[in-house]
Amino acid sequence: MPILIYIEYHFNIVPKQPATDILIAELGDAGFESFVENESGLLAYIQKIDWKEDILDDLLITQNTDFKIFWSSKEIEQQNWNAEWEKNFHPIKVDDRCVVRAPFHDAEDVEYDIIIEPKMSFGTGHHETTYMMLQHILDTNFEGKSVLDMGCGTGVLAILAKMKGAGATDAIDIDEWCFLNSKENIERNNCGSIQVYQGDSGLLKGKKYDIIIANINRNILLEDIPVYANCLNSGGLLFLSGFYLQDLDAISSKCEAYNLKFEKKLEKNNWISVKYVN
Ligand SMILES: C[S@@+](CC[C@H](N)C(=O)[O-])C[C@H]1O[C@@H](n2cnc3c(N)ncnc32)[C@H](O)[C@@H]1O
C-alpha cells in the first residue's frame, strides 16, 4: 500500500452544534474523507491530491455569522492519521445489543460483537448516520435475505446484516481504501461470504436484492434512488442515511416517484435515517 499524503484540518467551532454536523456534511461534499470529533473540536482529513488552496472558500457554514469557526491545517502521512484515529476510537454500543469496537478493545458480551479497524474508512458507529443504520438493521429480519450495502465504508453495516443471518450479500464502495478495508473487516468478523466490489451504482445492472442499505449523502442518494428502486425485489426494503431532516422531503419525493413508500424514520442530532418499502 503506498503511503498517502493527507491534509489535516483542525477546526474550533463555537457553539459546537449544529455547526459541527453541517461543517462535516459540507466538507464531505468538498472531498474530505474522514472526521474525528474530540474535545478541542473537529479534525478533518482530505487527500493532498484532492485538495486545493481555496477548498474552504465556498463553504456556506463559514459565512454563517451564528457560528465562529477557526482552523489550522498541516500535511501528514497516512500512518500518523491512523494513530490519531485509533487514539480517539472508543467502543460504541447500539441499543444494548451490538458493540462496534477495535481489535485492541476487550470483547463485549452482547448479541453482535463487531470488530472494526477503520484505518482511513468511515463506519465505526460513532457517526449518527451509521448508528441509526445499525439500529434499523437490529430491528429488521435479515434471515436469508439478499442484501446490498452501498457505500460500505468499513463494511460495518454489511457485517451486522450477515451476523443477523443475511443470505447473499454485496458491499460496494467507490473508494479503493474502503473497498480494501471492508474486505479486511469482513474477514476479521468471519463474514467472508460477503462479496465486496469497488465502484458505484453502475455495478448494479441486472442485480436484485431483498434489502438495500445506503448510507452515503443527499446528492448521491437522490441520483441513485432510481437505480436502487430498480434493484429491489417486490416487498423489498430500502434503508437510506447520510442526510439531514431538511432533506427528507426531497429524498421521500424521489422515493415515492419510484413506488417506494415511506415507512419509518430515525432521527439523531438533526441527521435522519429512513426505511422505505417497495
Ligand atoms: C457516510 S460513509 C458510510 C460508510 C458506512 N456504510 C457506514 O454506514 O458507516 C459513505 C461511503 O460511501 C462511499 N461513496 C461515496 N460515493 C459513493 C458512490 N457514488 N457509490 C458508492 N459508494 C460511494 C464513500 O467512499 C464512503 O465510504
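Atom set for the values below is all heavy atoms of this structure, side chains included, hydrogens, waters and symmetry mates excluded. Just so you know, ligand 1 is whichever comes first in the structure, and atom 1 is the first atom listed for that ligand.
Ser252 and Tyr276 form a side-chain donor-acceptor contact under 3.5 Å, judged by distance and modelled atom types alone. Neither side chain, Thr154 nor Asn185, offers a donor N or O lying under 3.5 Å from an acceptor on the other. Side-chain polar atoms of Tyr6 and Glu33 form a donor-acceptor pair below 3.5 angstrom. When only modelled atom types and interatomic distance are considered, Lys208 and Ser146 share no side-chain donor-acceptor pair under 3.5 Å.
The shortest N or O to N or O distance between Asn215 and ligand 1 is below 3.5 Å. Where the criterion is an N or O separation shorter than 3.5 Å, residue side chain and backbone included, Asp224 fails it with respect to ligand 1.
Note on Tyr209 and Phe142: separate hydrophobic clusters, where clusters join Ile, Leu, Val, Met, Phe, Trp and Tyr whose side-chain heavy atoms are under 4.5 Å apart, directly or indirectly. Under the 4.5 Å side-chain heavy-atom criterion for Ile, Leu, Val, Met, Phe, Trp and Tyr, Leu134 and Phe239 are members of the same hydrophobic cluster.
By heavy-atom distance, the residue among Leu221, Ile174, Asn219 lying nearest atom 22 (N) of ligand 1 is Ile174. By heavy-atom distance, the residue among Gly151, Gly155, Ala214, Ser182 lying nearest atom 6 (N) of ligand 1 is Gly151.
In summary, the atoms of ligand 1 found under 4.0 Å from a heavy atom of Asp175, numbered by their order in the structure, are 25 (O). Taking a cut-off of under 4.0 Å to the non-hydrogen atoms of Asp200, the atoms of ligand 1 that pass are 19 (N), 20 (N). For ligand 1 and Gly199, the ligand atoms under 4.0 Å from any heavy atom of the residue are 20 (N), 21 (C). Less than 4.0 angstrom separates some heavy atom of Gly153 from each of these atoms of ligand 1: 4 (C), 27 (O).
For Cys178, the closest heavy-atom approach to ligand 1 falls below 4.0 Å. Put simply, no part of Ser201 is less than 4.0 Å from ligand 1, judged by heavy atoms. By the 4.0 Å heavy-atom criterion, Thr129 is excluded from the residues contacting ligand 1.
When each of Leu260, Ile212, Leu238 is paired with Asn278, the side chain to side chain contact (heavy atoms under 4.5 Å, CB included) condition holds for Leu260 and for no other.
Shown here for Asn181 and Gly153, the closest heavy-atom pair between the two residues is OD1-O, 4.4 Å.
A ring-centre distance under 6.0 Å is found for Phe32 and Tyr9.
Only side-chain heavy atoms of Leu157 come within less than 4.0 Å of ligand 1; its backbone N, CA, C and O stay farther off. Counting heavy atoms closer than 4.0 Å to ligand 1, residue Ile220 contributes side-chain atoms (C-beta onward) but none from N, CA, C or O.
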